[in-house]
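Reading through the structure tokens given below for one structure.
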Amino acid sequence: MKTRLILLSSVITLLLCTCHGPGTKISPWVPYDESAEIARNASHPSPKMRYRLIQSRISDRNAVWENVSEQLRGFSDEDYQRLKPLILEQDIPALQSHIASGVLTYRELTQWYLYRIVLYENNPATALNNIISINPDAVSEARERDRKKSAGNHPLYGIPVLLKDNIGMKGLPTTAGAAFMTGNMTPDAFIVERIKEKGGIILGKVNLSEWANYLSSACPNGWSAVGGQTLNPYGRGKFDTGGSSSGSGIAVSACYASVAVGTETSGSILSPSSANSVVGLKPTVGLLSRSGIVPLSGTLDTPGPMTRNVTDNAILLSAMCGEDPEDAVTGGNPKDIIYWEDLSSADLSGLRFGVIRSFLADSLYRLAVDRIRSMGATCIEFEPPSVTLSGFSTLLSGDMKHDLPAYLDKYASSNIPRYGIEQIVLFNSADSAARIPYGQTIFRTMAALEMTPEELDSLRISMHAAAVGYFEVPMTDNDLDAILSVANRSAGMAAAAFYPCLTVPMGYRATGEPVGLTFIARPFSERNLLRMGYAFEQATRLRKSPGEVVIPGPEIPPQK
């Protein structure tokens, strides 16, 4: 008999009690005994999944619920169930159609997501440790959108958006998951200003791998001192959540918001998008502004959209675009491209794709390649050139050692000390059990790094040239439109080359674990990537919500 992976227990204990009086009473979150969960994972095949902690020792979840209670005034479980077919797994055009017809409002849409978040995140049996903070004004903003809606609004108008908690938003702390950054109140990041200009509603902030997964080599993906350990909705404690934008991937997969924003330095959008069966775009560095985002590497960092489908991805990307005078790399970038406008005409016929021969041992990749070939594309097998990105971690450390203090000086609130890496290491060491349960080996190495600006610039240039060659040799030799990869397996090379990548659900392993197919193309090819991804998505319809995944039979062995 086929076995189903169930996101939630079959019997849900309702941990919020709606009423029509002053707000909604939410049962207090009480920290639970997580020792059994930790013991179950002690022998996990992946060392990264052998957790030491699940719950944060710093944050109080009840403080988050305080920003939800009043916003759920008058919203009942009956409302949640009634609206569920109109919202669950629906794309933005469908939501906007429901609102235009009068069967749904932006206020109801926002309350539905808030209700769902509390329903699952306030239950220890189903919590994914995903939400760090909630916008206390989200519902009032949604009511304002209802009053002012018009036919000429951007598709993102009135749509709830969740942000990775290294992206600045006025009124909510921006922590990067780190104890040191608790209470950091900042202005809106440039991309957040753009989202708000289009009428998008920032619902709140989501968890991430602390410091964008650049704190400790022993740290699991999706762990932060502020948010705790993120858990995968396709298998809590069974499957990795990916990093560092794990919260963003989980949020859209579990339908806690319509769309979410992640950030990537190397794999941090691609990895959690693949792991949570969502669509993730890592744009060309320079397409989207990084102003107001806690940095890892000013050389490689970029925000990007994470969504359940390609259409929503294109809509969110379009909303965030714009040249930012505070971020020089955005100068001269493509402007006013309506990325979603012509997706329905997308066609793979006549396109040429590079297929990495060694990846064909992966049966899901092989099946995806066969499907793309059947859609009229030419698929050319090749082995990539032998290229080593020597000094990659040195580049990241050199950048962060400079870029983080610069961020603190410019954006951090006055309660956050203007520390360098060495002082942050000392701060963490003062309470290692709560602040750095997995250590801080990367930060310690970074603190000891001595590198001149000239040496760092030379490393940037050499790495970029090597990475560009890795892609350009096969692309030029074979006249390729894009290269096909798996999840984040080519992420480091794409990061150093500044090549954009789009990951789209490719299917599920025999265990039920999601995997994404990644399209990689030349800089500023986002429109083409989205069209490729859309055509593949529409032809395959492979994404399933977490509760719908049916574990297939054995994978087809590689052909000899």
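All values reported here derive from a predicted model rather than from experimental measurement.
Looking at every heavy atom in both residues, Pro303 comes nearest to Ile269 through C-CD1, 4.2 Å. Across Leu364 and Val515, no two heavy atoms sit closer than the pair CD1-CG2, 3.9 Å. Of all heavy-atom pairs between Leu203 and Ala257, the closest is CD2-CB, 4.3 Å.
Considering only residues two or more places apart in sequence or on other chains, Lys164 meets the salt bridge (charged side-chain N to carboxylate O under 4.0 Å, His left out) condition with none of them. Remark: Tyr407 pairs with Tyr411 by the ring-ring contact (aromatic ring centres under 6.0 Å, His included) rule, at least two apart or across chains. Under the side chain to side chain donor-acceptor pair (under 3.5 Å) criterion, Asn207 pairs with Ser224, not counting sequence neighbours. For the side chain to side chain contact (heavy atoms under 4.5 Å, CB included) test, residues two or more places apart in sequence or in another chain that qualify with Asn135 are Asp137, Ala138, Glu141, Met169, Leu172. Partners of Arg543 under the salt bridge (charged side-chain N to carboxylate O under 4.0 Å, His left out) rule, at least two apart in sequence or in another chain, are Glu89. Checked against salt bridge (charged side-chain N to carboxylate O under 4.0 Å, His left out), Asp327 has the following partners two or more places apart in sequence or in another chain: Arg290. When the salt bridge (charged side-chain N to carboxylate O under 4.0 Å, His left out) test is applied to Asp399, the partners found at least two apart in sequence or on another chain are Arg460. Residues passing the ring-ring contact (aromatic ring centres under 6.0 Å, His included) test with Tyr51, sequence neighbours excluded: none.
Here the side chain of Gln71 pairs no donor or acceptor atom with the backbone of Ser140 at under 3.5 angstrom. Not one N or O on the side chain of Asn221 forms a donor-acceptor pair closer than 3.5 Å with the backbone of Ser246. Counting only distance, with no hydrogens or angles, the side chain of Ser248 and the backbone of Val261 share a donor-acceptor pair below 3.5 Å. A donor-acceptor pair under 3.5 Å is absent between the side-chain atoms of Asp91 and the main chain of Asp312, judged by distance alone. Judged purely by atom type and a 3.5 angstrom limit, Glu121 uses its side chain to pair as donor or acceptor with the backbone of Asn129. Ser245 places a side-chain N or O within donor-acceptor distance of the main-chain N or O of Ser268, the cut-off being under 3.5 Å. Between the side chain of Thr518 and the backbone N or O of Ala487, at least one donor-acceptor pair lies under 3.5 Å. For the pair Arg418 (side chain) and Leu408 (backbone), a donor-acceptor distance under 3.5 Å is present. Here the side chain of Asn123 pairs a donor or acceptor atom with the backbone of Ala125 at under 3.5 angstrom. A donor-acceptor pair under 3.5 Å links the side-chain atoms of Ser209 to the main chain of Gly222, judged by distance alone.
Taking the six-membered ring where the residue is Trp, the centroids of Phe75 and Trp112 are separated by 6.0 Å or more. Note: Phe180 and Tyr419 meet the aromatic proximity criterion, with ring centroids under 6.0 Å apart. When ring centroids are compared, Tyr234 and Phe239 stay outside the 6.0 Å threshold.
Residues Asn276 and Ser253 have side chains that never bring a donor and an acceptor to within less than 3.5 angstrom of each other. Ser277 and Tyr508 are linked by a side-chain donor-acceptor pair at a separation below 3.5 angstrom, with hydrogens and angles left out of the test. Looking at Ser289 and Asp324, their side chains do bring a donor and an acceptor atom within 3.5 Å of each other. Side-chain contact annotation: Arg444 with Ser429, donor-acceptor N/O pair under 3.5 Å present. A donor-acceptor pair shorter than 3.5 Å can be found between the side chains of Tyr115 and Asp77.
Using a 4.5 Å heavy-atom threshold, the side chains of Ile201 and Val161 count as separate. Between Pro220 and Met49, the closest side-chain pair of non-hydrogen atoms is not below 4.5 Å. Contact of the Lys238 side chain with the Asn41 side chain is not registered, since no non-hydrogen atoms from C-beta on lie closer than 4.5 Å. When side chains are defined from C-beta on, Thr503 does not count as touching Val279, because their heavy atoms never get closer than 4.5 Å. At a threshold of 4.5 Å between non-hydrogen side-chain atoms, the residues Leu163 and Val206 do not count as touching. Between Met400 and Pro295, the closest side-chain pair of non-hydrogen atoms is not below 4.5 Å. Taking 4.5 Å as the limit, every side-chain heavy atom of Leu53 sits out of range of all side-chain heavy atoms of Gln229. Put simply, the side chain of Val139 reaches to within 4.5 Å of the side chain of Leu114, judged on heavy atoms.
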> For Thr175 and Asp165, what are the C-alpha separation, side-chain angles and deciding distance, and is it a side-chain hydrogen bond (donor to acceptor under 3.5 Å, both in side chains)?
Replying inline: CA-CA 6 Å; Thr175 71; Asp165 196 26; 2.6 Å; yes
> Are Ser397 and Tyr214 close enough, and set up right, to give a side-chain hydrogen bond (donor to acceptor under 3.5 Å, both in side chains), and what steps lead you there?
Replying inline: CA-CA 9 Å; Ser397 292; Tyr214 206 66; 2.8 Å; yes
> Taking it one step at a time, do Arg116 and Tyr80 satisfy side-chain hydrogen bond (donor to acceptor under 3.5 Å, both in side chains)?
Replying inline: CA-CA 8 Å; Arg116 184 173 176 85; Tyr80 174 77; 2.7 Å; yes
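Applying the salt bridge (charged side-chain N to carboxylate O under 4.0 Å, His left out) test to residues at least two apart or on different chains, the pairs with a partner in residues 30-46 are Glu37-Arg236. Applying the salt bridge (charged side-chain N to carboxylate O under 4.0 Å, His left out) test to every pair with at least one member in residues 400-414, sequence neighbours left out, gives these pairs: Glu326-Lys410, Lys401-Glu422. For residues 214-231, no residue pair satisfies the salt bridge (charged side-chain N to carboxylate O under 4.0 Å, His left out) rule, not counting sequence neighbours.
Atom NE2 of His44 has more than 12 heavy atoms from other residues, nucleotides or ligands within 6.0 Å. Annotation for Gln81: atom CD counts as buried by contact number, over 12 foreign heavy atoms lying within 6.0 Å.
Rounded to the nearest 0.5 Å, atoms CG (Asn184) and CD1 (Ile416) are 4.5 Å apart.
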Identify all side-chain donor-acceptor contacts of residues 185-195 below 3.5 Å with residues at least two apart in sequence or on another chain.
residue, atom, partner, partner atom, Å
Thr186, OG1, Thr174, OG1, 3.4
Asp188, OD1, Lys170, N, 2.7
Asp188, OD1, Lys196, NZ, 3.2
Asp188, OD2, Lys196, NZ, 2.9
Arg194, NE, Cys321, O, 2.7
Arg194, NH1, Glu197, OE1, 3.3
Arg194, NH2, Cys321, O, 2.8

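With Ile293 as the fixed residue, the side-chain contact (heavy atoms from CB on, under 4.5 Å) test singles out one of Asp301, Thr263, Leu288: Thr263.
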